[in-house]
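Position 1 is the first residue of the sequence; numbering continues from there.
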Amino acid sequence: MNKENALTRKKLKQIDSVEDFENMLENLMASEEDKTIIIMHYKEGKPLGYIADILGMSESTVKNKHRKLLIKIGNIM
């Protein structure tokens, strides 16, 4: 994982306010499915493999989406 994505992950984990997290999601140009990945992983603490099972995707697909979402989020934070 690159340094920018690691920093974005750290920032996401530090968002304490539900309102701040929702505002970030509102500004994120992503599908509802992609937003679900972020919510489940960072607010509910679910591992990406579990999320893949719930969404009916392969784990590698969810990991790729997650990586791309971190880049998008990093650009708006």
Side-chain angles (χ1 to χ4, degrees):
M1 180 177 309
N2 68 34
K3 196 183 329 183
E4 291 83 18
N5 282 357
L7 181 59
T8 301
R9 289 174 63 98
K10 184 177 180 179
K11 287 180 182 180
L12 281 170
K13 290 178 182 179
Q14 292 175 341
I15 298 175
D16 292 329
S17 163
V18 172
E19 185 178 337
D20 289 345
F21 197 82
E22 287 176 357
N23 287 337
M24 181 275 302
L25 286 176
E26 251 181 54
N27 293 325
L28 182 62
M29 299 290 280
S31 70
E32 288 304 313
E33 188 174 75
D34 288 349
K35 290 178 182 181
T36 297
I37 292 169
I38 295 300
I39 292 166
M40 290 182 76
H41 191 61
Y42 290 98
K43 285 297 152 194
E44 298 175 11
K46 305 294 184 198
L48 296 175
Y50 174 85
I51 296 168
D53 287 343
I54 295 298
L55 297 178
M57 299 177 179
S58 70
E59 187 172 353
S60 64
T61 297
V62 171
K63 285 181 177 182
N64 284 332
K65 285 178 170 283
H66 176 256
R67 182 181 45 79
K68 290 175 184 176
L69 285 164
L70 287 177
I71 293 167
K72 282 185 176 183
I73 293 168
N75 289 333
I76 64 171
M77 290 184 87

Q.
Both conditions, 6.0 Å and 45 degrees, for the charged tip of Lys13 above the ring of Tyr42: are they met here?
A. no

Q: Looking only at non-hydrogen atoms, find the nearest pair between Phe21 and Ile39 and report the distance.
A: CE2-CG1, 3.9 Å

Q: Please round to the nearest 0.5 Å and tell me the distance separating atom CG of Leu48 and atom OG of Ser60.
A: 11.5 Å

Q) Is it true that Tyr50 and His41 have ring centroids separated by less than 6.0 Å? A) no

Q. Going from CD on Glu26 to CG on Leu28, what distance comes out if it is rounded to the nearest 0.5 angstrom?
A. 11.0 Å

Q | Main-chain N/O of Asp16 paired with Asp20 side-chain donor or acceptor, under 3.5 Å | A | no

Q: Kindly work out whether a path of hydrophobic side-chain contacts (I/L/V/M/F/W/Y, heavy atoms less than 4.5 Å apart) joins Met77 to Ile71.
A: no

Q.
Could you tell me if the side chain of Asp34 sits less than 4.5 Å from the side chain of His66, heavy atoms only?
A. no

Q. With a 4.5 Å limit on heavy-atom distance, are the side chains of Ile54 and Thr36 in contact?
A. no

Q. Quick one: does Lys72's side chain have a donor or acceptor within less than 3.5 Å of a partner on Met29's backbone?
A. yes

**Q.** Distance, nearest 0.5 Å, that separates CG of Leu69 from CD1 of Ile38
**A.** 4.5 Å

Q) Judged by atom type as modelled, is there a donor-acceptor pair below 3.5 Å linking the side chain of Thr61 to the main-chain atoms of Met57? A) no

(Q) I need the Gln14 CD to Arg9 CZ distance, nearest 0.5 Å. (A) 13.0 Å

Q) Any donor-acceptor pair under 3.5 Å linking the side chain of Asn23 with the backbone of Glu19? A) yes

Q: Can you measure from CG (Leu25) to CD1 (Ile73) and round to the nearest 0.5 angstrom?
A: 7.0 Å

(Q) Minimum heavy-atom separation for Met24 and Ile76, please, with both atom names. (A) O-CD1, 3.7 Å

Q) Heavy-atom count around Lys68 NZ within 6.0 Å, excluding the residue itself: above 12? A) no

Q.
Tell me if the NZ atom of Lys35 is crowded by more than 12 foreign heavy atoms within 6.0 Å.
A. yes

(Q) Rounded at 0.5 Å granularity, tell me how far CD1 in Ile51 sits from NZ in Lys46. (A) 9.0 Å

